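This one's a predicted model, so the numbers in the text were calculated from it and none came from an experiment. Quick note: numbers below take in every heavy atom, side chains included, and nothing from hydrogens, waters or symmetry partners.
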Amino acid sequence: MIPRPALCALRFGTGLPVPAGAPLDAAAMLDALAGPDLAAASRPVAGFAEARPLLAAVETARSARRRKRERQPTDGQAGAEAEETAVAEAQAALRALAGAGLRATVARAVGAADGFRERLARFWADHFTVRARKAADLPLVLAFTEDAIRPHLTGRFADLLRAATLHPAMLLSLDQAGSVGPNSRAGQRRDRGLNENLARELIELHTLGVGATYAQDDVRQLAELLTGLTVDPAEGFVFRPQWAEPGTETVLGKTYSGKGMEPIRQVLDDLAARPETLAHLARKLAAHFVADDPPADLVAALTEAWRASDGDLHAVCAALLGHDAAWDGPLAKARQPWDFTVAALKALGLDGDGVAGLPDGAFRRRVVQPMAGMGQPFGAPSGPDGWAEEAEAWITPQGLAARVAWAMTQPSALTRGRLPDPATFAQRALGPVADDRLLWAVARAETRALGVGLVLSSPAFNRR
C-alpha cells in the first residue's frame, strides 16, 4: 500500500520529491486547487493579447509575400527589404515568446507545490487539443492554455467549453476561422464554403465522445450554426454576421435560431450538459489519473458528481479524490514523455528557478528536443484527439530507447557533473515504490551516472 502523501505526488502530482508546502492529502489538494493560481502568477506565460501584435505582423508579411508570388508590384527594392526585415523580426519575437512560455510551463510543473493543478491544466489542454503546425503557432498553443484552460479548472465545464471553443487558437487550429455559411452574404459573394472540423470535434472529442449516437447531419447543422466565428489578426476573436448561415439549425434534435452569438452559446451549453458528455468525460478523467481501464464505480461516482453539481469541476475533482479507488492499487499509468521529463528534473534536484536558469540552448537540447525524441513533441500531437492515454502508446521499443538514452546522458549535464549517490537518488525519486531489486542494483552500479540512469530507466520510475 503506497502512503497517501506519496500518491499525491506520484499519481496526482508531478513526481517526487514533494515540494515544500505541497498538499499531502485529498482535502489539502482540493483547498490548494480552490485557491489562487500561484504558479501562473509567479511564472507568467503570454496570452493571446500579447501574442496578437506579432501574429498580425506575420500575417501582414505573408500577404506581402502572396503579392510577390502573384507578381503584383511592391514598393521596389527598399520595400522588399523592409518586408523581409519585418518578417524576420516578427518571427524572431514569436520564437522568443514561445521559448519563454515553454520554459515557464516546464518550470511551473517542476517547481509548483500544487502539482494537481498542473496536471489538470495539461489534461484539459490535451482534451481541447490545439496544435502547432509550425513553430510560429507555438505561442498560440501556450496562450490557449493560459487564456482558456487555467482560469476555468475549478469552474463549470460549460464555461470551460465556451472559452476553449471560442479561443482564436482553437478557431485557427481547426480551420473554423475560414468557415463561411454557403447561403450567407459572404458565401454568395466569395468562393468560400463551410468547414466542419470544429463541429465534428466538438461532438466527437470535446463533448459526447467517439461512438455516441449522432448523425452526419448533426455535424453539418452544427457547422452551419458555428459560421461567423473567426479571427482577425488585429482584433483576435470576432463574430462576423455576414458570414453566418441564415435560418435555423437542428442539432441532436433541438432547433436553434436567432442572431449573433446567442444560439452558439446555447448549443455549447446544451452539449456540455448532455448525459453522453458527462459519461465520456468522467471516464476520461478517471483513465487519466487512475488506470487506462478505470474502475466502473469510480467512473459512476464522477458521472453522478458531474450531474449533481451541474458540471462543477471542483466538485468532480472532489469526487475523484474522495473515492477509494483513487488511492488503491499499484501505480498503473505509464508516464508520458512530458511526465517523465518533469519528474526526472524534480528528482535530479532542479526546481522552478533551476529550469528558468538553464541556458536557452541547454533547455532545448536537454528538455524540449528529447521529449520529441520520446514521441511527444510539445504542442504538436498528430491529430485533434491529442495524446494517447494507453501505456502501449508510450512503452514502445523506440520510446524506451529514447528514455534510456536520456537517463544515461542528460542527468550529468543537468547537474553539472554533481550527480547524487544512486541509492540516495533512488529513495528521493521513488520513495516507497523503490523496490529491493532496484536498490540492490543501483548500490552496485560502477558509476554514479550508471546508477542514476538505472533509476530513471526503471519500470517504477516510468509509472505514475
Problem - Salt-bridge criterion met for Asp353 and Arg43 (N-O under 4.0 Å) - result: yes
Completion exercise
Between Arg403 and Asn462 the two heavy atoms that sit nearest each other are NH1-OD1, 2.8 Å
Without placing hydrogens or testing angles, list every side-chain donor-acceptor pair under 3.5 Å for residues 373-386, not counting sequence neighbours.
unit_1 : atom_1 : unit_2 : atom_2 : d
Gln376 : OE1    : Trp338 : N      : 2.8
Gln376 : NE2    : Gln336 : OE1    : 2.9

Problem - Counterpart residues, side chain to side chain contact (heavy atoms under 4.5 Å, CB included), relative to Thr250 (two or more places apart) - result: Gln221, Thr255
Problem - Verdict with supporting geometry, Asp159 and Leu161, side-chain contact (heavy atoms from CB on, under 4.5 Å) - result: CA-CA 5 Å; Asp159 295 331; Leu161 179 63; over 6 Å; no
Practice task
Starting at CG of Leu400, measure out to CD1 of Ile395 and round the result to the nearest 0.5 Å.
Solution key: 5.0 Å
Practice task
Nearest 0.5 Å please: distance from the CG atom of Leu10 over to the CG atom of Asp339.
Solution key: 11.5 Å
Handout entry: Phe157-Trp306 aromatic ring centre distance below 6.0 Å
Key = yes
Problem - From Thr105, Leu345, Thr341, residue fulfilling side chain to side chain contact (heavy atoms under 4.5 Å, CB included) relative to Val110 - result: Leu345
Handout entry: side-chain contact (heavy atoms from CB on, under 4.5 Å) between Leu313 and His152, intermediate numbers included
Key = CA-CA 8 Å; Leu313 295 178; His152 297 284; 5.8 Å; no
Problem - Closest contact, heavy atoms only, Ala388 versus Ala393 - result: CB-CB, 3.5 Å
Completion exercise
Value for CD (Glu50) from CG (Leu142), rounded to nearest 0.5 Å, stands at 11.5 Å
Exercise for the section: Might you point out which heavy atoms bring Asp218 and Gly253 nearest each other, and give the distance in Å? Expected result: OD1-N, 4.5 Å
Practice task
Nearest 0.5 Å please: distance from the CG atom of Leu160 over to the CG atom of Leu268.
Solution key: 11.5 Å
When the side chains of residues 206-214 are checked against the rest of the protein, which donor-acceptor pairs come out under 3.5 Å, sequence neighbours left out?
unit_1 : atom_1 : unit_2 : atom_2 : d
Thr207 : OG1    : Leu202 : O      : 2.5
Tyr214 : OH     : Glu204 : OE2    : 2.5

Exercise for the section: Would you check if Leu222 and Leu271 make a side-chain contact, meaning some heavy-atom pair closer than 4.5 Å? Expected result: yes
Exercise for the section: Could you walk me through whether Arg122 and Glu118 pass the side-chain contact (heavy atoms from CB on, under 4.5 Å) test, one step at a time? Expected result: CA-CA 6 Å; Arg122 296 258 55 82; Glu118 300 307 311; 5.8 Å; no
Exercise for the section: For the residue pair Trp394 and Trp387, categorise the inter-ring angle as parallel (less than 30°), tilted (30 to 60°) or perpendicular (more than 60°). Expected result: tilted
Exercise for the section: Report yes if the side chains of Leu33 and Cys317 come closer than 4.5 Å at any heavy-atom pair, otherwise no. Expected result: yes
Practice task
Output, in order, the C-alpha distance, side-chain angles, deciding distance and verdict of side-chain contact (heavy atoms from CB on, under 4.5 Å) for Leu174 and Asn195.
Solution key: CA-CA 9 Å; Leu174 292 177; Asn195 189 296; over 6 Å; no
Exercise for the section: Grab the two heavy atoms, one from Leu140 and one from Ala169, that are nearest each other, plus how far apart they are. Expected result: O-CB, 3.6 Å
Let me check something: any side-chain donor-acceptor pairs from residues 225-236 under 3.5 Å, sequence neighbours excluded? List them with distances.
unit_1 : atom_1 : unit_2 : atom_2 : d
Thr227 : OG1    : Glu224 : O      : 2.6
Thr227 : OG1    : Glu245 : N      : 2.8
Thr230 : OG1    : Ala177 : O      : 2.6
Asp232 : OD1    : Ala234 : N      : 2.8
Asp232 : OD1    : Glu235 : N      : 3.1
Asp232 : OD2    : Arg240 : NH2    : 3.3

Problem - Considering all heavy atoms, the nearest Arg335-Phe461 contact - result: NH1-O, 2.7 Å
Exercise for the section: Work out which heavy atom in Ser457 is nearest to a heavy atom in Ala407; give both atom names and the distance. Expected result: OG-CB, 3.5 Å
Exercise for the section: Could you tell me whether the side chain of Arg364 and the main chain of Gln369 form a donor-acceptor pair under 3.5 Å? Expected result: no
Handout entry: Sidechain N-carboxylate O distance under 4.0 Å for Arg220, Glu249
Key = no
Exercise for the section: Run the salt-bridge test on Asp137 and Lys134 with the 4.0 Å N-O cut-off and return the result as yes or no. Expected result: yes
Practice task
Kindly say whether Ala32 contributes a backbone atom to a donor-acceptor pair with the side chain of Arg117 at under 3.5 angstrom?
Solution key: yes
Handout entry: Heavy-atom side-chain contact between Leu331 and Leu7 under 4.5 Å
Key = yes
Problem - Close side-chain approach of Ile264 and Met261, heavy atoms under 4.5 Å - result: yes
Practice task
Inspect the contact between Arg108 and Asp114 and indicate whether a charged nitrogen and a carboxylate oxygen are less than 4.0 angstrom apart.
Solution key: no
Practice task
Report yes if some heavy atom in the side chain of Trp406 is under 4.5 Å from a heavy atom in the side chain of Phe340; otherwise report no.
Solution key: yes
Practice task
Taking the side chain as every heavy atom from C-beta outward, state whether Arg119 and Arg464 have any atom pair closer than 4.5 Å.
Solution key: yes
Practice task
For residues 245-298, pull every pair meeting ring-ring contact (aromatic ring centres under 6.0 Å, His included), keeping only residues two or more places apart or in separate chains.
Solution key: Phe12-Phe289, Phe116-Phe289, Phe123-His288
Handout entry: Any donor-acceptor pair under 3.5 Å from Trp327 side chain to Cys8 backbone
Key = no
Handout entry: Check: Ala282 main-chain N/O paired with Thr303 side-chain donor or acceptor under 3.5 Å
Key = no
Handout entry: Spacing of CG belonging to Asp360 relative to CZ belonging to Arg365, to within rounding of 0.5 Å
Key = 10.5 Å
Handout entry: Close side-chain approach of Trp124 and Thr145, heavy atoms under 4.5 Å
Key = no
Handout entry: Check: Arg162 main-chain N/O paired with Thr165 side-chain donor or acceptor under 3.5 Å
Key = no
Handout entry: Ser173 backbone acceptor or donor facing Arg133 side chain under 3.5 Å
Key = yes
List, one per line, each side-chain donor-acceptor pair under 3.5 Å for residues 294-302, sequence neighbours excluded.
none

Practice task
State, yes or no, whether a side-chain contact exists between Arg4 and Asp25 at a heavy-atom distance under 4.5 Å.
Solution key: no
Practice task
Look at the side chain of Lys346 and the backbone N and O of Ala429, then say whether any donor-acceptor pair between them is shorter than 3.5 Å.
Solution key: no
Problem - Asp292 (side chain) donor-acceptor with Ala391 (main chain) under 3.5 angstrom - result: yes
Exercise for the section: Please round to the nearest 0.5 Å and tell me the distance separating atom CD of Glu201 and atom CG of Leu205. Expected result: 4.5 Å
